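The structure displayed is predicted, hence computed values, not measured ones. All chains are named by letter (A, B, ...) in the order of the sequence lines, taking the proteins before the strands, and each is independently numbered beginning at 1. The figures here come from the full heavy-atom set of this structure, side chains too, leaving out hydrogens, waters and symmetry mates.
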Number of protein chains: 2
Amino acid sequence: MKIGELSRRTGVSVRMLRYYEGEGLLAPQRTSSGYRDYGTADEEAVRRIKVLGSAGMTLETIKQLLPCVRNNRPDFRPCDNLRRILAQQVGLIDQRIEALSQSRTILAGFISSVN
Amino acid sequence: MKIGELSRRTGVSVRMLRYYEGEGLLAPQRTSSGYRDYGTADEEAVRRIKVLGSAGMTLETIKQLLPCVRNNRPDFRPCDNLRRILAQQVGLIDQRIEALSQSRTILAGFISSVN
DNA sequence: CTTGACCCTGACAGCGCTGTCAGACCTTAC
DNA sequence: GTAAGGTCTGACAGCGCTGTCAGGGTCAAG
């Protein structure tokens with residue numbers, strides 16, 4: 001599929017899809033005329049990037065993860081320090097969740113103190 | 001207290017404390033020689049800013065919240081649309097928590113699939 | 001009075017991310 | 001063949017946040 005369609009299907013802007021490629025997270029085929037040609041695997045990848053990204057992960061971090069994550073099952077063999085990255089990222093995520101929960105408590109408290 | 005001490009006590013860099021002031025989130029007293037002089041209320045505010053900020057809130061958003069949040073108990077009277085902001089922010093936070101949980105599941109799954 | 005630690009302001013720069021614009025090419029449908 | 005809409009590249013700019021540097025003032029201890 002072409003970039004516009006992928007954009008519509010994933011909700012990621014055309015601009016960002018090209019950016020992902022520039023950062024090395026995607027490498028779509030090209031048609032003879034130079035148009036990007038994405039497959040379903042690319043679409044899957046974009047969805048993953050989106051989720052990981054909205055969790056606060058940097059594209060750089062996601063990039064380290066992604067190549068090992070083809071096929072829903074990570075392949076760790078080519079990725080030596082990946083486990084470390086993963087554990088570290090889970091730690092970061094837990095921290096963020098904690099902060100968010102705290103904030104939520106604060107805000108929800110404010111709201112209910114008014115109703 | 002002076003800015004260096006506040007920085008040490010809160011873990012927020014001197015640079016950022018001055019930035020907060022520039023953005024209108026803090027307004028410390030000044031000594032006759034121009035040094036910033038922070039009180040305990042400022043320290044409290046900085047801690048709140050820190051928590052709210054690490055929850056992904058913009059300083060601009062925090063700024064709208066902060067004036068109504070003196071004394072641990074929000075004063076809604078001067079803040080008409082605050083409830084709307086609060087509800088909206090809680091929604092955003094819930095979204096972020098959801099995304100983080102998803103990411104966490106993905107990553108933790110990867111890790112356990114290897115042990 | 002000097003020295004070292006701290007503070008001041010202002011500016012520049014970078015980060016990661018995102019939008020937008022220009023100028024050109026491609027494709028599809030009429 | 002023409003027009004409309006999609007795509008290409010490359011560049012510029014902005015966002016919010018953060019560090020750093022320069023050039024200068026202040027303060028406390030020796």
Side-chain angles (χ1 to χ4, degrees), chain A residues 1-39 42-43 45-46 48-66 85 89 92-93 95-96 99 103, chain B residues 1-39 42-43 45-46 48-66 85 89 92-93 95-96 99 103:
Chain A
M1 87 197 76
K2 284 186 286 186
I3 198 169
E5 188 184 346
L6 182 58
S7 173
R8 278 187 299 275
R9 287 161 77 111
T10 60
V12 174
S13 73
V14 167
R15 174 69 176 84
M16 289 312 294
L17 290 175
R18 293 200 266 245
Y19 184 64
Y20 290 172
E21 183 176 354
E23 297 299 300
L25 284 100
L26 294 177
Q29 301 294 112
R30 295 290 185 130
T31 70
S32 56
S33 59
Y35 281 20
R36 273 164 263 254
D37 187 16
Y38 297 94
D42 293 314
E43 185 173 343
V46 171
R48 284 215 190 89
I49 293 170
K50 207 182 168 188
V51 149
L52 262 14
S54 70
M57 248 179 243
T58 287
L59 283 191
E60 183 54 35
T61 304
I62 299 176
K63 181 182 171 184
Q64 298 179 280
L65 255 32
L66 220 51
I85 296 175
Q89 287 298 318
L92 282 179
I93 286 176
Q95 269 180 255
R96 287 212 190 89
S103 296
Chain B
M1 86 196 75
K2 284 185 287 185
I3 199 169
E5 189 184 345
L6 182 58
S7 173
R8 278 187 299 274
R9 286 162 76 112
T10 59
V12 175
S13 73
V14 167
R15 174 68 176 84
M16 289 312 295
L17 290 174
R18 293 201 265 245
Y19 183 65
Y20 289 173
E21 182 176 355
E23 297 299 300
L25 283 101
L26 293 176
Q29 301 293 113
R30 295 290 185 130
T31 70
S32 55
S33 59
Y35 282 21
R36 271 164 263 255
D37 187 17
Y38 296 94
D42 292 315
E43 185 173 343
V46 171
R48 284 217 189 87
I49 294 170
K50 206 181 168 188
V51 149
L52 262 15
S54 69
M57 248 179 244
T58 286
L59 283 191
E60 182 55 35
T61 304
I62 299 176
K63 180 183 170 184
Q64 298 179 278
L65 255 33
L66 219 51
I85 296 175
Q89 287 297 318
L92 282 178
I93 286 176
Q95 271 180 254
R96 287 212 190 89
S103 296

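Of the side-chain N and O atoms in B/Arg36, one or more sit less than 4.0 angstrom from OP1 or OP2 of C/dC8.
Qualifying side-chain contact (heavy atoms from CB on, under 4.5 Å) partners for A/Thr10, counting only residues two or more places apart in sequence or in other chains: A/Leu6, A/Val12, A/Glu43, A/Val46, A/Arg47. Residues satisfying the side chain to side chain donor-acceptor pair (under 3.5 Å) test with B/Ser32, not counting sequence neighbours, are none. The side-chain contact (heavy atoms from CB on, under 4.5 Å) test applied to A/Glu5 returns A/Met1, A/Arg8, A/Arg9, not counting sequence neighbours. The side-chain contact (heavy atoms from CB on, under 4.5 Å) search around A/Lys63 returns A/Leu25, A/Glu60, not counting sequence neighbours. Residues that satisfy the side-chain contact (heavy atoms from CB on, under 4.5 Å) test with A/Arg15, not counting sequence neighbours, are A/Ser13, A/Tyr19.
To the nearest angstrom, P of C/dC6 lies 16 Å from CE of B/Met1. Following rounding to the nearest Å, B/Glu23 (CD) and D/dC17 (C1') show an atom-to-atom distance of 10 Å. Whole-Å rounding puts the B/Glu5 CD to C/dA5 P distance at 18 Å. At whole-Å resolution of the value, NZ in B/Lys63 and C1' in D/dC17 are 16 Å apart. Rounded to whole Å, atom P of C/dC17 lies 16 Å from atom NZ of A/Lys50. Distance A/Arg8 CZ to D/dG5 P: 13 Å, rounded to the nearest Å. In this structure, A/Leu17 atom CG and D/dT7 atom P are separated by 10 Å, rounded to whole Å. Separating the CD atom of B/Glu21 from the C1' atom of C/dC8 is a distance of 11 Å, rounded to the nearest angstrom.
When the nucleotides C/dG16, C/dC8, D/dC8 are ranked by their closest atom to the side chain of A/Ile3, D/dC8 comes out on top.
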For nucleotides 18-30 of chain C, just jot down a letter per nucleotide in 5' to 3' order: B, S or -, based on protein non-hydrogen atoms under 4.0 Å. BBB-----BS---

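A/Gln89 is not listed as a side-chain neighbour of A/Leu52, based on a closest heavy-atom distance of 4.5 Å or more.
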